[in-house]
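Shown next, in structure tokens, is the structure this report addresses.
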2 protein chains.
Amino acid sequence: MHTALPPIRTEPLRTACSACNLRELCLPLGLSSADMEKLDGLISTRRTVPRGESLFRANEPFHALYAVRTGFFKTCLSAEDGRVQVTGFQMAGELLGLDGIGSGNHTVDAQALEDSSVCVLPFSDLENLAREFGALQMQLHKIMSREIVRDHGVMMLLGSMRAEERVAAFLLNLTQRLQARGYSANEVVLRMTREEIGSYLGLKLETVSRTFSRFQDDGILDVKQRQITVKSPEALQRLVSTAAC
Amino acid sequence: MHTALPPIRTEPLRTACSACNLRELCLPLGLSSADMEKLDGLISTRRTVPRGESLFRANEPFHALYAVRTGFFKTCLSAEDGRVQVTGFQMAGELLGLDGIGSGNHTVDAQALEDSSVCVLPFSDLENLAREFGALQMQLHKIMSREIVRDHGVMMLLGSMRAEERVAAFLLNLTQRLQARGYSANEVVLRMTREEIGSYLGLKLETVSRTFSRFQDDGILDVKQRQITVKSPEALQRLVSTAAC
DNA sequence: CGTCTGATTGATGTGATTCAACACGGGTGG
DNA sequence: CCACCCGTGTTGAATCACATCAATCAGACG
């Protein structure tokens, strides 16, 4: 410990991909350190998004993908008639904006559910870099493919699961992703409202609330507002995997 | 007209991408003719899939994407507990297999609903070619992105639409895709059963059947088994867009 | 011509929604 | 510092849309 002057930059030194603690979860996964340095050069901008603000909105022109550094987002698809569907929740290391590539315009709103920061990945630069580095290209393709697979899972959930199973699957998915980021698998602080969970799961907020209460009665969860303690992950797992029987 | 000997090859000359009538709907979209010739070289194999057979199955290793040349497919996701979700129906010009890129294994079963044929696109070759031709890379990214957007639309459908709206949206989507391929927008021969439609839409087959009947009573459709005549596309459109009101 | 799969239709059941009342907690302003 | 308020969450009762169960029908096919 030294007693020298305080650092001149109050802002912390910009974390490079190569030094980012998310590199095993994010775009750089599988890249050599040489390739990763090239990727560092690409990320010239970062952006902070205060809670409640949008990172981008539907119909805005698409220019970049965004990698969540810190915080938590939701993506919403809006229908002409005003209905809104939450299509996903994104946490650190996950990519936002893939929906915009196809048409050149974003198709969903990405809103921060808590104060958040993202790395901006200008897409044409990313494509250029991907053409140079097969590993980056492959990783990008894998990420897009996994998003498709995730969506298929949600389709299964929405198409054929009952409320209890949906909520159980949602909680398991959330805890697993948090665990991969070094958090406890049993303690979750929900960043979203019951209504947002319901929208994602195709349920009304009352049904989500009731299901949480039932899980608490059954000793599976401890629910204190948004503070959830998973007392029996096994029970949740049983609910999703033996659902039809 | 000449009277010479019959052609030596009974098989018709292989259609190249550059000469394919699907090129405006398929991967080659937007490629220069020079690029398209390179793509021709990539497609060394074609495959026919008889009705009822699988093009690939979940958990099989992923090697290639498939472009539907003729016919009709469904993709199914199976849960451990035996439940099955139809995740999509694919027709001429559409790509199959994107789900397999992420893990290296297919995650769904792709089954032909009628005798079909596909172009086989070995994925590593495709990635190599995409690295050479920015236009091909861009087109591949767009196709994957559009699949994500489509999935989001299905999530909206499954999450917040009622049975009538789901069936109306399904029929509209089908007729629009058929129309883009030169078929009538009013006459549809369904290639799938009521049960498969129901699985896709998150409904039971009886509900699908009843909804068809109701549409017929309302004068919106003419239903004769799998032969559907859309008498009022406007009414269908109204159902999906003014649903919440 | 009988069999079989897929489709239709009706009667009944039920899980989720709707509507409504109330509770909680965090923030603001008197 | 407390009263009030507002967004959020919980809970109950009634309702409804879809599922379930069951019978019958229509074509396709051997």
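Chain letters run A, B, ... following the sequence lines, proteins first and then strands; every chain starts at 1.
Counting any heavy atom pair closer than 4.0 Å across all strands shown, T207(A) reaches a base atom. Within 4.0 Å (heavy atoms only), L205(B) reaches at least one base atom of the nucleic acid. Residue G202(A) is classed as a sugar-phosphate contact, given heavy-atom separations below 4.0 Å to backbone atoms only. At the heavy-atom level, V208(A) lies nowhere under 4.0 Å from the strands shown.
If you check the side chains of T48(A) and S117(A), you find no donor sitting under 3.5 Å from an acceptor. Side-chain contact check for S232(B) and E234(B): at least one donor-acceptor pair (N or O, by modelled atom type) lies under 3.5 Å. For the residue pair T70(A)/S116(A), the side-chain donor-acceptor check at 3.5 Å is not satisfied.
Rounded to an integer number of Å, the gap from CG of L190(B) to C1' of dT5(C) is 17 Å. Protein atom CE of M192(B) is 21 Å distant from nucleotide atom P of dT5(C), rounded to whole Å. The CG-C1' distance, from L157(A) to dA16(C), rounds to 15 Å in whole Å. At whole-Å resolution of the value, CG in L203(A) and C1' in dG9(D) are 16 Å apart. In this structure, the CZ atom of R162(A) is 13 Å from the P atom of dT14(C), given to the nearest Å. Here the P atom of nucleotide dG7(D) and the CG atom of L113(A) are 18 Å apart, to the nearest Å. Counting to the nearest Å, the P atom of dT8(C) and the CD atom of E195(B) are 13 Å from each other. Protein atom CZ of F212(A) is 23 Å distant from nucleotide atom P of dA23(C), rounded to whole Å.
On a pure distance criterion of 3.5 Å, a polar donor-acceptor pair joins the side chain of R210(B) and the base of dT20(D).
In this structure, the nucleotide among dA19(D), dA7(C), dT18(C) sitting nearest to the side chain of K204(A) is dT18(C). In this structure, the nucleotide among dT8(C), dT10(D), dT11(D) sitting nearest to the side chain of E206(A) is dT11(D). For R226(B), whose side chain is taken as the heavy atoms from C-beta onward, the closest listed nucleotide among dA7(C), dT8(C), dG25(C) is dA7(C).
The number of heavy-atom neighbours closer than 6.0 Å to CD of E114(B), taken from other residues, nucleotides and ligands shown, is above 12.
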Original post:
Would E187(B) and Q227(B) satisfy side chain to side chain contact (heavy atoms under 4.5 Å, CB included), going step by step from the backbone distance to the final call?
Top reply: CA-CA 7 Å; E187(B) 294 290 325; Q227(B) 171 72 47; 2.6 Å; yes

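Between dT9(C) and S213(B), a contact under 4.0 Å exists linking OP1 or OP2 to a side-chain N or O.
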